Amino acid sequence: MEHIVKLDGIVTGFNVAEHCIDCMCGKNLVKIDKYSHRIIFQKPVFEKDGLSRKLIADDKQIFIYDFCALYVLNRENYELIGKWQLGNDLSSDICGMAIDCNTIYCSIRNGKMIAVDRQSYQSNEFIVSESSMWSIKTYDSYLVSGTVDGKVLLLDKVGLSIEKSLVLGKKNIGSLYIDGETLYAAGHNGKLFNINMRNFEIESSMKNVHKKMFDCAGIYKDMLVTVSYPCSEIAFWNKDTLEKKKVINIPLKLSGHTQIENNFMYISSRNILGIDKIQFNE
């Protein structure tokens with residue numbers, strides 16, 4: 001494992017782009033050269049430190065949610081384009097986020113979804129589910145969301161109405177990953193699911209994947225990679241059958257963030273002051 005950059009605090013989210021890595025640490029956004037590992041730019045964005053913020057990005061913009069607030073920033077210079085309060089308290093905080101070229105989708109606790117237009121920044125609120133949605137992904141003209149009560153929902157993007165619903169259990173579906181026509185879903189009951197998006201049916205599943213909560217991190221070669229921060233485990237599974245291939249034990253803690261690029265996994269966690277990089281083909 002290689003230490004990419006040492007920072008003064010925990011990295012709570014990051015995005016690996018072609019030449020640089022944008023990450024959140026404390027009150028700051030920090031831009032790191034991916035090859036020299038030098039800090040090339042940083043800027044204070046937040047009024048105080050926070051561990052619950054989440055970040056996603058595209059080529060031009062960075063999107064961050066922090067409790068009830070949504071931030072949109074220029075990815076090049078971290079200029080704040082806008083900040084919006086989408087909720088007021090713990091009953092209306094932001095739980096998950098996804099983007100496409102037209103819209104920012106934010107799931108709100110207790111089953112609501114707010115769609116924010118990326119041109120006008122006008123928002124529309126929809127009641128989607130009876131249960132909160134902590135994981136959201138885009139898929140063609142649909143959103144896919146995992147619910148706290150154990151379902152995966154296929155939502156039409158226009159009206160955010162439920163097109164299909166799949167019951168995977170009774171506990172939170174906390175992590176989703178889409179690879180082509182396949183959806184991988186991680187449940188807090190320790191189960192992992194491979195779902196065919198064409199018919200929205202379960203192709204295969206696996207029990208007792210990790211002893212504690214885990215995320216679907218991405219695809220490496222012909223394998224799905226899962227990460228359990230509480231268990232300090234990275235596991236590799238046949239992406240079709242979900243047969244376990246191997247497990248890497250690495251010190252991690254509570255929660256974190258990963259991104260797979262070629263033969264590398266970039267990773268942050270509560271016990272890492274900065275970002276580390278793991279080479280898979282060693």
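All figures in this text were calculated on a predicted structure; none of them were measured in a lab. Residue indices begin at 1 and follow the sequence shown.
At most 12 heavy atoms of other shown residues, nucleotides or ligands fall within 6.0 angstrom of atom NZ in Lys151. Residue-environment remark: CG (Asp8) stays at or below the threshold of 12 foreign heavy atoms within 6.0 Å. Heavy atoms of other residues, nucleotides or ligands lying less than 6.0 angstrom from CD of Glu76 number 12 at most. In Glu2, the CD atom is crowded: over 12 heavy atoms of neighbouring residues, nucleotides or ligands sit closer than 6.0 Å. Enclosure of atom CG in Leu80 by more than 12 non-hydrogen atoms of other residues, nucleotides or ligands within 6.0 angstrom is indicated. Counted within 6.0 Å of CD on Glu261, heavy atoms from surrounding residues, nucleotides or ligands total more than 12; the atom is thus considered enclosed. Around the CE atom of Met213, the shell of radius 6.0 Å holds no more than 12 heavy atoms that belong to other residues, nucleotides or ligands. With a 6.0 Å radius and a threshold of 12 heavy atoms from other residues, nucleotides or ligands, Lys43 has its NZ atom above the threshold.
Proximity of Ile250 to Ile278: side-chain heavy atoms (C-beta onward) are separated by under 4.5 Å at one or more points. Annotation: side chain of Leu153 is not in contact with side chain of Val144 (no heavy-atom distance under 4.5 Å). When side chains are defined from C-beta on, Ile21 does not count as touching Asn15, because their heavy atoms never get closer than 4.5 Å. By the 4.5 Å heavy-atom criterion applied to side chains, Tyr121 and Ile81 are counted as neighbours. The shortest distance between side-chain heavy atoms of Cys23 and Leu7 falls below 4.5 Å. Looking at Phe63 and Ile104, their side chains come closer than 4.5 Å, going by heavy atoms from C-beta outward. In this structure, Ser132 and Asn110 have side chains that are in contact, with non-hydrogen atoms separated by less than 4.5 Å. You'll find the side chain of Thr182 stays beyond 4.5 Å of the side chain of Asn196, heavy atoms only.
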Let me see the working for Ile219 and Ile260 under side-chain contact (heavy atoms from CB on, under 4.5 Å), right down to the final yes or no. CA-CA 7 Å; Ile219 299 295; Ile260 296 173; over 6 Å; no
Ile275 and Ile267: CA distance, side-chain angles, deciding distance, side-chain contact (heavy atoms from CB on, under 4.5 Å) verdict: CA-CA 6 Å; Ile275 299 173; Ile267 188 165; over 6 Å; no
Any chance you could lay out the side-chain contact (heavy atoms from CB on, under 4.5 Å) test for His257 and Phe14, step after step, and finish with the verdict? CA-CA 7 Å; His257 182 77; Phe14 63 85; 3.3 Å; yes
Test side-chain contact (heavy atoms from CB on, under 4.5 Å) on Ser131 and Val148 and set out the steps. CA-CA 6 Å; Ser131 180; Val148 170; 3.2 Å; yes
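With hydrogens and angles left out, the side-chain atoms of Trp84 and Ser123 include no donor and acceptor closer than 3.5 Å. Side-chain contact annotation: Asn124 with Gln122, donor-acceptor N/O pair under 3.5 Å absent. A side-chain donor-acceptor contact under 3.5 Å links Thr226 and His210.
Asp156 places a side-chain N or O within 3.5 Å of a backbone atom of Val158 that can act as its donor or acceptor partner. Here the side chain of Thr241 pairs a donor or acceptor atom with the backbone of Glu243 at under 3.5 angstrom. For the pair Ser268 (side chain) and Val11 (backbone), a donor-acceptor distance under 3.5 Å is present. Without hydrogens or angle criteria, Asp58 side chain to Lys60 main chain gives a donor-acceptor distance under 3.5 Å. One N or O on the side chain of Ser232 and one on the backbone of Leu252 form a donor-acceptor pair closer than 3.5 Å. Listed for the Ser107 side chain is a donor-acceptor partner under 3.5 Å among the backbone atoms of Gly96. At distances below 3.5 Å, not a single donor-acceptor pair connects side-chain atoms of Asn172 with backbone N or O atoms of Asp149. For Arg109 (side chain) and Leu90 (main-chain N/O), a donor-acceptor pair under 3.5 Å exists by modelled atom type. Between the side chain of Lys34 and the backbone N or O of Glu18 there is at least one donor-acceptor pair closer than 3.5 Å. Here the side chain of Thr258 pairs no donor or acceptor atom with the backbone of Tyr266 at under 3.5 angstrom.
In this structure, Phe126 and Ala115 approach most closely via the heavy-atom pair CE1-CB, 4.1 Å. Of all heavy-atom pairs spanning Gly174 and His188, the tightest one is CA-NE2, 4.0 Å. Here the closest non-hydrogen pair linking Asn199 and Lys164 is O-NZ, 3.9 Å. The shortest non-hydrogen separation linking Leu242 to Lys239 is CD2-O, 4.4 Å. The two residues His3 and Ile272 make their nearest non-hydrogen contact at CE1-CG2, 4.1 Å. Contact between Met133 and Gly111 at its shortest, heavy atoms only, is CE-O, 3.7 Å.
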What side-chain donor-acceptor pairs closer than 3.5 Å can you find for residues 135-143, not counting sequence neighbours?
unit_1, atom_1, unit_2, atom_2, d
Ser135, OG, Ile173, O, 2.9
Tyr139, OH, Glu181, OE1, 2.5

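Hydrophobic clustering (side-chain heavy atoms under 4.5 Å, transitive across Ile, Leu, Val, Met, Phe, Trp, Tyr) keeps Tyr105 apart from Ile108. Hydrophobic clustering, with ILVMFWY side chains joined whenever heavy atoms are under 4.5 angstrom apart, keeps Tyr220 apart from Tyr177. Hydrophobic cluster membership is shared by Met265 and Met1, with clusters built from Ile, Leu, Val, Met, Phe, Trp and Tyr side chains linked at under 4.5 angstrom. With hydrophobic clusters built from ILVMFWY side chains whose heavy atoms lie under 4.5 angstrom apart, Ile162 shares a cluster with Met113. Each of Ile99 and Leu55 belongs to its own hydrophobic cluster when Ile, Leu, Val, Met, Phe, Trp and Tyr are linked at side-chain heavy-atom distances under 4.5 angstrom.
Looking at Asp179, Val225, Ile178 one by one, the single match for side-chain contact (heavy atoms from CB on, under 4.5 Å) with Tyr184 turns out to be Asp179.
Here the straight-line distance linking atom CG of Asn208 with atom NZ of Lys191 works out to 9.0 Å at 0.5 Å rounding. Here the OG-NZ distance, from Ser91 to Lys112, works out to 8.0 Å after rounding to the nearest 0.5 Å. Here CE of Met97 is found 7.5 Å from CD1 of Ile94. Values are rounded to the nearest 0.5 Å. Rounding to the nearest 0.5 angstrom, the gap separating the CG atom in Leu166 from the CG atom in Leu154 is 10.0 Å. To the nearest 0.5 Å, the span separating CD1 on Ile114 from CD on Glu125 amounts to 5.0 Å. The structure places CD of Gln61 at 11.0 Å from CD1 of Ile56, a figure rounded to the nearest 0.5 Å.
Look at Arg118 and Asp100 and you find no salt bridge, because none of the NZ, NE, NH1 or NH2 atoms lies under 4.0 Å from a carboxylate O. Between Arg75 and Asp22 there is a salt bridge, with a side-chain nitrogen of the basic residue lying less than 4.0 Å from a carboxylate oxygen of the acidic one. Taking 4.0 Å as the cut-off between side-chain N and carboxylate O, Lys27 and Glu47 do not count as a salt-bridged pair.
Ring planes of Phe41 and Tyr78: tilted class, angle from 30 to 60°.
Between Tyr71 and Phe46, the distance separating the two ring centers is shorter than 6.0 angstrom.
Not counting sequence neighbours, Asp117 has no partner by the salt bridge (charged side-chain N to carboxylate O under 4.0 Å, His left out) test.
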